[in-house]
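First comes the structure, then the notes that go with it.
These numbers were taken from a predicted model, which means no experiment stands behind them. Numbered from 1 within each chain, the chains take letters A, B, ... in sequence-line order. Hydrogens, waters and symmetry mates are skipped; everything else that's a heavy atom, side chains included, is used.
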There are 4 protein chains.
Amino acid sequence: MNENRQNIICATERLLQTKGLAQMTTRNIAREAGVAEGLIYHHFKDKAELIHEVVEQRMHVAKNILEKLPLQVGLRKVNENLEEVLQVAYDSHYQIIPIICSVFADHQLQISIQKIMKERELGPQLAIETLALYLAAEQRLGRIAGDVLPLSAAKLLWMVAFQLALDDQFMGRKSDLSRAREDIREAIGTILIALEPRLTVKQKTNLKKRSKS
Amino acid sequence: MNENRQNIICATERLLQTKGLAQMTTRNIAREAGVAEGLIYHHFKDKAELIHEVVEQRMHVAKNILEKLPLQVGLRKVNENLEEVLQVAYDSHYQIIPIICSVFADHQLQISIQKIMKERELGPQLAIETLALYLAAEQRLGRIAGDVLPLSAAKLLWMVAFQLALDDQFMGRKSDLSRAREDIREAIGTILIALEPRLTVKQKTNLKKRSKS
Amino acid sequence: MNENRQNIICATERLLQTKGLAQMTTRNIAREAGVAEGLIYHHFKDKAELIHEVVEQRMHVAKNILEKLPLQVGLRKVNENLEEVLQVAYDSHYQIIPIICSVFADHQLQISIQKIMKERELGPQLAIETLALYLAAEQRLGRIAGDVLPLSAAKLLWMVAFQLALDDQFMGRKSDLSRAREDIREAIGTILIALEPRLTVKQKTNLKKRSKS
Amino acid sequence: MNENRQNIICATERLLQTKGLAQMTTRNIAREAGVAEGLIYHHFKDKAELIHEVVEQRMHVAKNILEKLPLQVGLRKVNENLEEVLQVAYDSHYQIIPIICSVFADHQLQISIQKIMKERELGPQLAIETLALYLAAEQRLGRIAGDVLPLSAAKLLWMVAFQLALDDQFMGRKSDLSRAREDIREAIGTILIALEPRLTVKQKTNLKKRSKS
DNA sequence: AATGAATGAGCTTTCATTCAT
DNA sequence: GATGAATGAAAGCTCATTCAT
């Protein structure tokens, strides 16, 4: 059944997140999924194919995290919008990181996953671009500074969410959204200083305009 | 001999970086180090102890990367100083990442390494603090904006170097310092907008007054 | 259906001949026969029963290869008759050998097949006896030497066809009837020297005397 | 140690002969050799390499079976010499056949062994040629008929030994030298009629006539 | 009759670790 | 200190067989 297939995929992801790649043995996967070991090979050519599926599904979900962000343009405060968005990104990264990092242990696996991510465009690119579009829109509304490159700022913001999740995972801290929120707020705060409209800058341009007219 | 001991440590690190944790077998280590497999167990209780040593040495080196940064305070342009510093950090991270990330594959190993890093304070903390001290010093000199938290900005800058290296490693790109430099410059550019002193007319005049007095 | 049953048997034989016993898995049989794996177990108790059927059918066909040979007694030249017969035997053996030899890999299978062949008299015995009868008949016609044991000569001739086929199969040579024919001719040539009537002068005169009386 | 290496090779050959390829598992080999399963892979790259070694050693021994035959030229009776030689050949074949035939079960194995046998000239060629040389020498002494091709006759004789051993193995008969000797004698008898100098035939008939008159 | 998902025993192979030399 | 033969547990994977549909 397709039911068991998905069952196995989920069990594998759970193992990757909780016990790590080394414990993600076919034996453990079968036990976790409550099926016989042989069934894995009925649904997947080999273990690599199973892992690919896990990565693909998880990355596919992550890819579209920010699709609703454009609806927020102009609403609430910019930093509130960003905080909320980065918190979701943090959460998503917290789940993805054990998978992504485990892959470094096995170069062959790493290469095949690189290939899949390139072919299916599963990287962070889409999310970052969505974020950049949002920033550009706010820029047009004058809600953030005009002299900032939206894509560059979006990269930085996305990195923040990733880095916080990585730090927590690496140091074995549970996903703690309220603490993460604090860190996110702090980082956004620093970046937003760059993004905030420069009153002084405006004044400068105003002065220039006046001098031209 | 201590010579062979260090030999084995270096061989292990080389394997971790080039072939990944999965290929870091005792057989491969012995071959790479040019010693017998059994010798490993004369110098190390077990494989975990060897990896601990590898991580410890590498992190120890990384920890002190920025120790010469304070000497640059007030010299050259701030963004030049930061670019140079982040490039070194990128380079260091590019080497460390395969080691650090591989560890995610084995939770037991991860936990024991977490412990070591906490006990010996081997994390990025020191480097970030050094960077923050530098920023604070430049802040005092008025070379960067006064309304920025140096520690928060330092974290962001450090993160940039780490994330660029991670991205390159994950996507299987060779360490390319000239391209990395571009990315670093762009990110610093965006952050520096936040850090740049706000040169309003009033501030300028204030500065002039102070320098006169 | 009986159709599917025979289908499976033929698919199994094809696999045995082309890929060997090791590749004769239930999965491959099902694929080759174009049926579901489970269907095999509706028609046969287990894999052994299926193989028995394959061997039985193939050996049954082989057994009666020479049934038309007696019609040739006294016609054409003896060596021509033998060459033709051995070529057919070679061809038959070329097909049988991969099946028969594979069986050596599994002693249980070998034993059960030995039993079947004894019970149903599926060995080369009948063919050899047919050949011996032919030789005896030709001997009575004076077309081959009188001091030869027909059964012994028949065994030798049969052996030639078998061994040539075995040699070709073992060395991975395609069944090449024209080359086989050469080898057969050579071997028959040597054996026939034994079989040829000793036409010394005295014997000739003796024969003439007897025919006159 | 080399001791254990040879140990494993012999255990493998014993298993091949007594239980067949299917039972020649690494587990059984290790048990039969009285070593740990892992040790097999210390001495051999994989199972195939081990089997190659087994085949090579066994065939190498077989290759030189007849090396002392040339010393018998002109001594004793020809059929006595041949009987003795074929008996040794039978014995050798009886051991080799389970190995050779098992190989048909696994095409990959078969191909790799074909390659080895070609490269190292491990086939029956040498033995057959030695036998042919002997026959040619006896031919020159006038002890066998002059109109026979020695190589062709040698092939036939060699086949006899092989076929008898194969029949016995296939039908699960123990190696029975005394019975084999009977069969060999019978076959040689028939072939020797071809090989016997024809002059004796003439003389015999002359003698018979005289005794009749 | 026919399917193919599901099982689990058993295979080959790898690898950290030990130990006699 | 140094070697490498030896161990045995555990890995990924295959396959004959069963069974619900």
Heavy atoms from C-beta onward define the side chain here; which of dT12(E), dA16(F), dG12(F) lies closest to that of Thr25(C)? dA16(F)
In whole angstrom, what separates Leu21(C)'s CG from dC15(F)'s C1'? 13 Å
Rounded interatomic separation in angstrom, taking CG from Asn7(C) and P from dT3(E): 11 Å
My understanding is that only residues two or more places apart in sequence, or in another chain, count here; which of them pass side chain to side chain donor-acceptor pair (under 3.5 Å) with Gln17(B)? Glu13(B)
Mapping Met24(C) and Ala48(A) to their closest nucleotides on DNA chain F, which lands nearer the 5' end? Ala48(A)
Between Met117(C) and Phe170(D), which heavy-atom pair has the shortest distance, and what is it? SD-CE2, 3.6 Å
Sorted by chain and number, sequence neighbours left out, side chain to side chain contact (heavy atoms under 4.5 Å, CB included) with Arg120(A) holds for Glu56(A), Ile116(A), Leu122(A)
Any side-chain N or O of Asn4(A) below 4.0 angstrom from OP1/OP2 of dA6(E)? yes
Starting at the 5' end of DNA chain F and moving along, which residue's nearest nucleotide shows up first, Ala22(A) or Gln23(C)? Ala22(A)
Sequence neighbours excluded, the answer for salt bridge (charged side-chain N to carboxylate O under 4.0 Å, His left out) partners of Arg31(C) is none
In whole angstrom, what separates Arg5(D)'s CZ from dG4(F)'s P? 17 Å
Listed by chain and number, what are the side chain to side chain donor-acceptor pair (under 3.5 Å) partners of Glu37(D), not counting sequence neighbours? Thr26(D)
Rounded to whole angstrom units, what separation is found between the CZ atom of Arg27(D) and the P atom of dA10(F)? 13 Å
Could you tell me how far apart His43(A) (NE2) and dC13(F) (P) are, to the nearest whole angstrom? 16 Å
Who passes side chain to side chain contact (heavy atoms under 4.5 Å, CB included) against Val103(C), sequence neighbours left out? Leu109(C), Gln110(C), Ile113(C)
Atom CZ of Phe44(C) and atom C1' of dT18(F): how far apart are they, to the nearest Å? 18 Å
Expressed in angstrom and rounded to an integer, what is the separation of Leu109(B) atom CG from dA16(E) atom P? 12 Å
Hits for side chain to side chain donor-acceptor pair (under 3.5 Å) against Gln114(D), two or more places apart or cross-chain, chain-then-number order -> none
Can you list, by residue number, the residues of residues 31-42 of chain D that have a non-hydrogen atom closer than 4.0 angstrom to DNA chain F? Val35(D), Ala36(D), Gly38(D), Leu39(D), His42(D)
Dot-bracket summary - DNA chain E, pairs being Watson-Crick or G-U whose distances fall under 3.5 Å, with | when paired to another strand: .||||||||||||||||||||
At a heavy-atom distance below 4.0 Å, what parts of residues 98-106 of chain C sit against DNA chain E? none
What is the nucleic acid contact for Thr26(D), judged by heavy atoms within less than 4.0 Å: base, sugar-phosphate only, or nothing? base
Within the supplied structure, the quantity of interest is the number of heavy atoms (other residues, nucleotides, ligands) at a distance under 6.0 Å from Arg173(D) CZ; does it exceed 12? yes
In whole angstroms, how far is the P atom of dA16(F) from the CG atom of Asp46(C)? 11 Å
Taking salt bridge (charged side-chain N to carboxylate O under 4.0 Å, His left out) as the definition, give me every residue that meets it alongside Glu49(C), ordered by chain and number, with sequence neighbours left out. none
So which heavy atom on Leu21(C) is nearest to which on Ala105(C), and how close? CD2-CB, 4.1 Å
Residues two or more places apart in sequence or in another chain: which of them pass salt bridge (charged side-chain N to carboxylate O under 4.0 Å, His left out) with Arg14(D)? Glu32(D)
Side chain to side chain donor-acceptor pair (under 3.5 Å) against His107(D), all qualifying residues, sequence neighbours excluded: none
